[in-house]
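Working notes, structure below.
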Amino acid sequence: MAEQSVHGRIHSVFWKNLPAQAAPQKLKPEQEKNTAMTVETNKETLGFQTEVKQLLHLMIHSLYSNKEIFLRELISNASDAEDKLRFAALKDDKLYEGDSDLKIRLDYDKDAGTITLADNGIGMTRDDVISNLGTIARSGTAEFLKQLSGDEKKDSKLIGQFGVGFYSAFIVADKVDVFTRRAGAPAEEGVHWESKGDGEFTIEPVTREQRGTEIVLHLKSDAKEFADGWKLRSLVKKYSDHISFPVVMKAESEEEDKKGEEETVNDATALWTLPRNEIKDEEYKEFYKHIGHDFEDPLTWSHNKVEGKLDYTSLLYIPKRAPFDLYNREAPRGLKLYVQRVFIMDDAEQFLPLYLRFTKGVIDSNDLSLNVSREILQNDSTVESIRTALTKRVLDMLSKLAKKDSGEYQGFWDEFGTVLKEGPAEDFSNREKIAGLLRFSSTHTGESTQNVSLDDYIARMKEGQSKIYYITADNFMAAKSSPHLEVFRKKGIEVLILSDRIDEWMMGYLNEYDSKQFQDVARGDLDLGEVETEEDKKHQEEAAKEHKDLIERIQKALEDRVQEVRVTNRLTDSPACLVTGQFDMGAQMKKIMEAAGQKVPDSKPIFEINVDHPLVQRLEQEAKDERFGELSAVLFDQATLASGEQLKDPGAYVSRLNRLLLELAN
């Protein structure tokens, strides 16, 4: 368990500076004085949480051109409420209160300019109402809102990532009434919530015979078009045709005997239960928007029914855009779980590994029990088998996308690539598959864009090259200009450039790909294989013998700072470079460990010198030990800076350099 906690702490450092949990806001003194409450009416006026106010303001202005999504969001919430009641009633069927016919009613009043949406689902208590409608208790809300720019197009996409739910009602309404009662609660415990979306809301108890929630939208003058039967029907068909519950409206028929009759206006068949050949792409896309609360179409999807040893159906989606809390490991994630068509839970994270947490979708199993809990899911062999299959399916989906449309896959990588890099450490059995999906910057393109696959790299390998070479650094420019790349440029060998915070950690779990080993060009002995000629090897051996005294003098001068001094085969233009020992921790990983509060083992670098460089030759000629020590220290500090590291004692380096400059000037 200790190892896991260390792993978790190190992991959290990759995604540090991430937003903290947004707590429901306590009323400030000025809000408290606005709170009015009388014994007679028991009516209370409360202030919205700051984040809700911001979201309401931005949403009303940013989503103005996409007003109609309000109905999808409200029907989606109503469907969730019906699902939750059906699940709760498995243990206590009294919650149905004699009415197990679950449906969503949609009505309108053209003259009054209102739309009413009612469900007979789980309903809410007073505390539920304040929590759900007055606050956003989601991690990182404040950070997310800071990203909003005021640019309508950009903000609408960002708000789409966030998921607006109930608050979308205020896009079309200037006042919203909510009447609700929790299933199983007495009629007197009904609640009436009302707001104009202007920073506060009122809440009061009401007697309500009907369980569930009824929402009344008082439409703005420019949204009266929605108080129309045909308009509402078309929106239900467009956005909510395949939710599992019927959406009913009064018939619009002119025939006297049919007037006022209820009719179901959606298909009301769970989309995933239908054969694939009966489902249009447009229906798949709209269903994704329903379960993902997203405004954009998904990037790709996979719909499969499995029968035999296991019996389940899965419908998995890859989004186009990352959610705002992707890098928060505590954020809700996972698939919607159904058992025998009965909704069990949202965010069932046990069916996919953490590095695939961006995947949305539905899993419907016939093998699990209806009274399954999160605890049972963690230790269930059936769940483990489904998880293995679904993981493979998501990776196959991504592989197909990469082969079919490299541009689309690049879009996916730019959004989710850093999270996929967690895969090699978390999923040993799929390491090779994950490695094939990774994308890197490279000296071949010379650009910071991560668009080179390992297969691309292997296809360009030089004759006689047997390894995949890479370099890690804190940023792209530091890696690209590193002296460690000099010999590779000279010989025309491509090197992958890794500059994400997670990269060195990831490479600790990637040993090879397609039977070719990885080699860090700044670690241990550099093996260029058959690309290195016999002449090169001979030159290095002879140089080591010829300059043995120089190496020993530098070793003595820098004995507190280096573990070894040796002649390099890495450099062509620079005088010296630092190399990490084969089994020592790299600089990037040391920083991560320190930031995670872990003890970092002491280690000294290897100091490699280029004996053909004029500065090293000048050093060799220096007879005075004190001056030799000064020059050796300057070369060492320069090599430290060139590797992208910081000096432990910058002042000493500046002093030495100043003394040398003065000597030159004199």
Got a second to check how far [X]'s [atom1] is from [Y]'s [atom2], nearest 0.5 Å?
X: Glu44; Y: Ile203; atom1: CD; atom2: CD1; value: 7.5 Å
X: Phe170; Y: Asp198; atom1: CZ; atom2: CG; value: 8.5 Å
X: Glu426; Y: Thr391; atom1: CD; atom2: OG1; value: 11.0 Å
X: Ser244; Y: Leu102; atom1: OG; atom2: CG; value: 11.0 Å
X: Asp174; Y: Asp222; atom1: CG; atom2: CG; value: 9.0 Å
X: Met397; Y: Leu299; atom1: CE; atom2: CG; value: 10.0 Å

Flag the pair [X] / [Y] as yes when at least one side-chain heavy-atom distance between them is below 4.5 Å, and no otherwise.
X: Leu46; Y: Ile130; value: yes
X: Thr116; Y: Leu106; value: no
X: Met249; Y: Thr264; value: no
X: Leu316; Y: Val394; value: yes
X: Met345; Y: Asp347; value: no
X: Thr313; Y: Asn366; value: no
X: Leu95; Y: Leu85; value: yes
X: Leu390; Y: Leu335; value: yes

Sidechain N-carboxylate O distance under 4.0 Å for [X], [Y]:
X: Arg105; Y: Glu262; value: yes
X: Glu188; Y: Arg181; value: no
X: Arg321; Y: Glu296; value: yes
X: Asp101; Y: Lys103; value: yes
X: Asp364; Y: Arg341; value: yes
X: Glu283; Y: Lys280; value: no
X: Lys336; Y: Asp80; value: yes
X: Lys289; Y: Asp297; value: yes

Please find the pair of heavy atoms, one from [X] and one from [Y], that lie closest to each other, and give the distance.
X: Ser240; Y: Arg72; result: OG-CA, 4.1 Å
X: Ile291; Y: Gly361; result: CD1-CA, 3.5 Å
X: Ser79; Y: Ile104; result: N-CD1, 3.8 Å
X: Arg233; Y: Ala251; result: NH2-CA, 3.8 Å
X: Leu368; Y: Gln340; result: O-NE2, 3.9 Å
X: Leu326; Y: Arg357; result: O-NE, 2.8 Å

Ring pair (Phe, Tyr, Trp, His ring centres under 6.0 Å): which pairs involve residues 329-366, sequence neighbours left out?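 Non-adjacent pairs meeting ring pair (Phe, Tyr, Trp, His ring centres under 6.0 Å): Trp272-Tyr338, Tyr338-Phe343, Phe358-Phe412, Phe358-Phe416.
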Applying ring pair (Phe, Tyr, Trp, His ring centres under 6.0 Å), which residue pairs with at least one partner in residues 177-200 are found, sequence neighbours left out?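 Every pair satisfying ring pair (Phe, Tyr, Trp, His ring centres under 6.0 Å) with a residue in residues 177-200: Phe166-Trp193, Phe179-His192, Trp193-Phe201.
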Salt bridge (Lys or Arg N to Asp or Glu O under 4.0 Å), that's the test. Do Glu408 and Lys320 meet it? Break it down for me. CA-CA 9 Å; Glu408 288 270 279; Lys320 264 188 187 164; 5.4 Å; no
Between Leu271 and Ile279, is the side chain to side chain contact (heavy atoms under 4.5 Å, CB included) condition met? List the steps. CA-CA 8 Å; Leu271 187 80; Ile279 307 172; 3.6 Å; yes
Within 6.0 angstrom of Lys250 NZ, more than 12 heavy atoms from elsewhere: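 Not more than 12 within 6.0 Å, no.
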Does any N or O in the side chain of [X] come within less than 3.5 Å of the main-chain N or O of [Y], such that one atom is a donor and the other an acceptor?
X: Glu349; Y: Gly334; result: no
X: Ser100; Y: Tyr96; result: no
X: His242; Y: Ala270; result: no
X: Ser195; Y: Glu200; result: yes
X: Asn266; Y: Phe245; result: yes
X: Arg276; Y: His303; result: yes
X: Tyr288; Y: Asp294; result: no
X: Tyr317; Y: Lys285; result: no
X: Arg86; Y: Asp83; result: no

Given side chain to side chain contact (heavy atoms under 4.5 Å, CB included), test Val265 with Lys237 step by step and report yes or no. CA-CA 7 Å; Val265 294; Lys237 290 298 284 181; 5.6 Å; no
For [X] and [Y], test the side chains for any donor-to-acceptor distance below 3.5 angstrom and give the result as yes or no.
X: Tyr239; Y: Glu68; result: yes
X: Thr114; Y: His218; result: no
X: Tyr312; Y: Asp367; result: no
X: Asn304; Y: Ser302; result: yes

Side chain to side chain contact (heavy atoms under 4.5 Å, CB included) between Val206 and Val191, intermediate numbers included: CA-CA 5 Å; Val206 291; Val191 181; 5.7 Å; no
Stepwise side chain to side chain contact (heavy atoms under 4.5 Å, CB included) test for Phe287 and Asp241: CA-CA 8 Å; Phe287 185 71; Asp241 205 27; over 6 Å; no
With sequence neighbours left out, which residue pairs that include part of residues 205-216 fulfil the side-chain hydrogen bond (donor to acceptor under 3.5 Å, both in side chains) condition?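 Residue pairs passing side-chain hydrogen bond (donor to acceptor under 3.5 Å, both in side chains), neighbours aside: Thr180-Thr213.
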All side-chain contact (heavy atoms from CB on, under 4.5 Å) counterparts of Arg182, not counting sequence neighbours: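 Listed in chain order: Ile122, Thr125, Asp128, Ala185.
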Going by the rule side-chain contact (heavy atoms from CB on, under 4.5 Å), which residues pair with Thr202 if we only count those two or more places apart in sequence or in a different chain?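 In terms of side-chain contact (heavy atoms from CB on, under 4.5 Å), with neighbours along the sequence ignored, Thr202 is linked to Lys43, Thr45, Glu194.
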Counting only pairs under 3.5 Å, give me each side-chain donor-acceptor contact of residues 223-230, with atom names and distances, residues two or more places apart or in other chains.
from, atom 1, to, atom 2, distance (Å)
Lys224, NZ, Leu219, O, 3.4
Asp228, OD1, Lys110, NZ, 3.2
Asp228, OD2, Trp230, N, 3.1
Asp228, OD2, Lys231, N, 2.8

